[in-house]
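One structure below.
Quick note on labels: first sequence line is chain A, next is B, and so on, each numbered from 1. Any value given below was found using the heavy atoms of this structure, including those in side chains, with hydrogens, waters and symmetry copies removed.
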Protein chains: 2
Amino acid sequence: MDRKKIKKKQTTLSDIATTVGVASMTVSRVINRHGYVSEETREKVMRVAKEMNYRRNGLARNLKRQRTETIGLVLGDISNPYSTELARAVRETASTRGYNLFICISEHSAKEDIAAFESLANHGIDGIIVATRSNKAGDEYLRGIVESNIPVVVIGRDFRHETVDYVSADNLRGGFEATQHLIDLGHERIGFIGATLSGGASLKRLQGYLNALGEHNISVDERLITGRKEAITDVPGYSTEKIGFEGMKRLLSLPNRPTAVFARNDFTAIGAMSAIKEASLRIPEDVAIVGFDDIPLAIHTSPSLTTIRQPMRLQGQIAAEMLLQKIESEEKSPREERILNCELIIRGSTVLSKH
Amino acid sequence: MDRKKIKKKQTTLSDIATTVGVASMTVSRVINRHGYVSEETREKVMRVAKEMNYRRNGLARNLKRQRTETIGLVLGDISNPYSTELARAVRETASTRGYNLFICISEHSAKEDIAAFESLANHGIDGIIVATRSNKAGDEYLRGIVESNIPVVVIGRDFRHETVDYVSADNLRGGFEATQHLIDLGHERIGFIGATLSGGASLKRLQGYLNALGEHNISVDERLITGRKEAITDVPGYSTEKIGFEGMKRLLSLPNRPTAVFARNDFTAIGAMSAIKEASLRIPEDVAIVGFDDIPLAIHTSPSLTTIRQPMRLQGQIAAEMLLQKIESEEKSPREERILNCELIIRGSTVLSKH
DNA sequence: CAAAATTATGTTAACGATAACTTAATTAAC
DNA sequence: GTTAATTAAGTTATCGTTAACATAATTTTG
């Protein structure tokens, strides 16, 4: 075959320089609108640059300038409205401040977490926001990144480091309020779906649940707490519905089944609702249910889902601001931590609608 | 303040080389596991690299190697399940083939489209998949990118170029089948929400609707076609629900209102359903409704939504494969076009459930 | 009108990594 | 035991851009 693709090289500054008959530095000045260039030269250079379809090589530029004006965001799961709202807020804040955003997805895999961190760090990104689930291998790698002086901010996940800022919803309080709401409605046998106690209640939402029970002297029944062990799995997005479905079935099969359930997130709650309906029980009369996150779907389920709304956009915005601050400041600032309030949204899955 | 942050520079190959007492090329060989190095030297280098927390500078590396093993994906809207499934499939395919994926969001803004293209191109990305809505300024910029020999594949959007591959769902046929389904159910006054005829039915789904009506000799009533003009707006994600809601209200206020409606996508359909319910009409008895996309929410609405399912993952996978093929092939291959079949999913919004 | 400031351009040396080449010592082959 | 192959390094140039400095012409200032 003689129609091999001759990898036509990109036009470079010096290509233009040669054509116009100036030094490449002059061309650089024109391209960057910076420094003295005569109007005549500028026009000539611009014309030739356009003709030759010049595109600046960012690799070389960033290598020389030692910054990229780009930040990275690593998400565990892009199917979750929580993640997407986060991403949108981060992008918006970054964009306003003149930064580009590259998003990487890790699909809750430690290996992909590392691949994402590495890839971003390698590209000389100015800073990274991490919103994946914590896991050992990933965290270890992340620590290396932090220690090589790349600014990092984490959202809603464990990771302690003296220079890493932290943003999160108040999951502890949210979990507490969800449970409190059910207690206020008179429930005493309240289940939890989405985690087990074996991990020592590392999940803040579960801890909030336990705290609420404790405060009202309701004894904890471990059989009412169900869910797969807290660990990185290859389960993406919507499959948490399955955890909710199976967890609820387990709870319903108990000799003394709960009258209310708090699910660790809305997808889990929706799965649980399916199980309840399948058992021909009514929501909320037979089993009341509270979720967490207030995803857009929550208002469209039947009955609509009572849930804890967390400020997704705000978390993204604050994280981005923190990161940019770190990137741009000369001073080394102390670790900052922002924990944002959640809000109980009461809907039909706990309280019969009035009409 | 004297605790100014001394921007500790990253460790470089030659830092390690100096410490160990070898040439930086030797260190490079160790790091890249490529070329001859004695076991003794390798171990020493590895140890020092670890101690000094070495991280390879990808900018320099990629600049020299002229490739990054990274591809970019530009999405108009990340809140849409269509986009997220696409992204996941693209990531998976890319990852399997050893490529990283950077995702950019443009929020349906021409300016941000351009910013995303530019940023990706500048970073020397090996190729770009574009799944934004077409718009003049953005397309013009994209054309420049294509002409500077960066491989590009577009998904489900207009963009004609002899070297740009194209993947899409068969929107024309999908629109036809959605309408056909309603006709089969006996409907004759069928509305369309989400676009107007003024743009000359550039929207394939609308064209499919028109074709189906034509085939059954149902005359087109322009008052039954409603929606905002096809254009880039700053309206993100879920707000298409609003278009559906308002469009439906307009249709319901007609003297001779439609008995069925085809909405350009599921969010629009859901908005329309709200309007129908608000008017105290029944779905599907008074107004039947069909959406498009089969988003996860579609099964959870009440009644559940009849819709056209498009193969989101498949589109992403094929696009990624096409792009990687372009990137890796030496030969210049002719433009390829893949149009994928859609599937009608019949649910409660058009047919009363049987129980 | 000399000194200072401004404008316009060129030169040089990185940024950090690596491909391509060279040198030299070992080991294998015939 | 001489030639060829393998192993283990080092040297040089370059990827494309830009910061920093240097030069020279022109303009402004006092």
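Between B/Glu337 and B/Arg160 there is a salt bridge, since a side-chain N of the basic residue sits under 4.0 Å from a carboxylate O of the acidic one. Checked for salt-bridge contact, B/Glu112 and A/Arg91 meet the test: a charged N lies under 4.0 Å from a carboxylate O.
Taking only side-chain atoms of A/Thr12, from C-beta outward, the nucleotide of D/dT17, C/dG10, C/dA19 with the closest atom is D/dT17.
Put simply, CG on A/Asp15 is 15 Å from P on D/dT14, counting in whole angstrom units. To the nearest angstrom, P of D/dA19 lies 6 Å from CZ of A/Arg65. Across the protein-nucleic acid pair, B/Asn57 atom CG and C/dC15 atom P stand 11 Å apart, rounded to whole Å. Rounding to whole angstrom units, CG of residue B/Asn62 and C1' of D/dC15 are separated by 11 Å. What separates CZ of A/Arg67 from P of D/dT17 is a distance of 17 Å, to the nearest Å. One interatomic measurement links the two molecules: CG of A/Leu13 to P of C/dT11, which rounds to 15 Å at whole-angstrom precision. Taking atom NE2 on B/His123 and atom C1' on D/dG16, their separation rounds to 15 Å, with Å as the unit.
Contacts with DNA chain C (heavy atom under 4.0 Å) in residues 24-46 of chain A: A/Met25, A/Thr26, A/Arg29, A/Tyr36, A/Val37, A/Ser38, A/Thr41, listed by number.
Within a 6.0 Å sphere centred on CD of A/Glu162, heavy atoms belonging to other residues, nucleotides or ligands number 12 at most. B/Arg338 CZ: 12 or fewer foreign heavy atoms inside a 6.0 Å radius.
In the model, A/Asp15 has no side-chain atom that pairs as donor or acceptor with a side-chain atom of A/Thr19 under 3.5 Å. At a cut-off of 3.5 Å, with distance as the only test, no side-chain donor of A/Thr11 or A/Arg55 sits close to an acceptor on the other residue.
For C/dG16, one of the phosphate oxygens OP1 or OP2 lies less than 4.0 angstrom from a side-chain nitrogen or oxygen of A/Gln66. Using a 4.0 Å cut-off, some side-chain N or O of A/Arg61 falls inside it from OP1 or OP2 of D/dT18.
For B/Tyr166, the side-chain hydrogen bond (donor to acceptor under 3.5 Å, both in side chains) test picks out no residue, with sequence neighbours left out.
Each of B/Ala60 and A/Lys64 has a nearest nucleotide on DNA chain D; the 5'-most of these lies closest to B/Ala60.
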For DNA chain C, just give me the dot-bracket, please: Watson-Crick or G-U, both distances below 3.5 Å, ( ) intra-strand, [ ] crossing earlier pairs, | paired with another strand, . unpaired. ||||||||||||||||||||||||||||||
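Here the rule is side chain to side chain donor-acceptor pair (under 3.5 Å) with A/Thr68, and of A/Asn62, A/Asp126, A/Asn100 only A/Asp126 fits it.
Between B/Leu13 atom CG and B/Met25 atom CE the span is 9.0 Å, to the nearest 0.5 Å.
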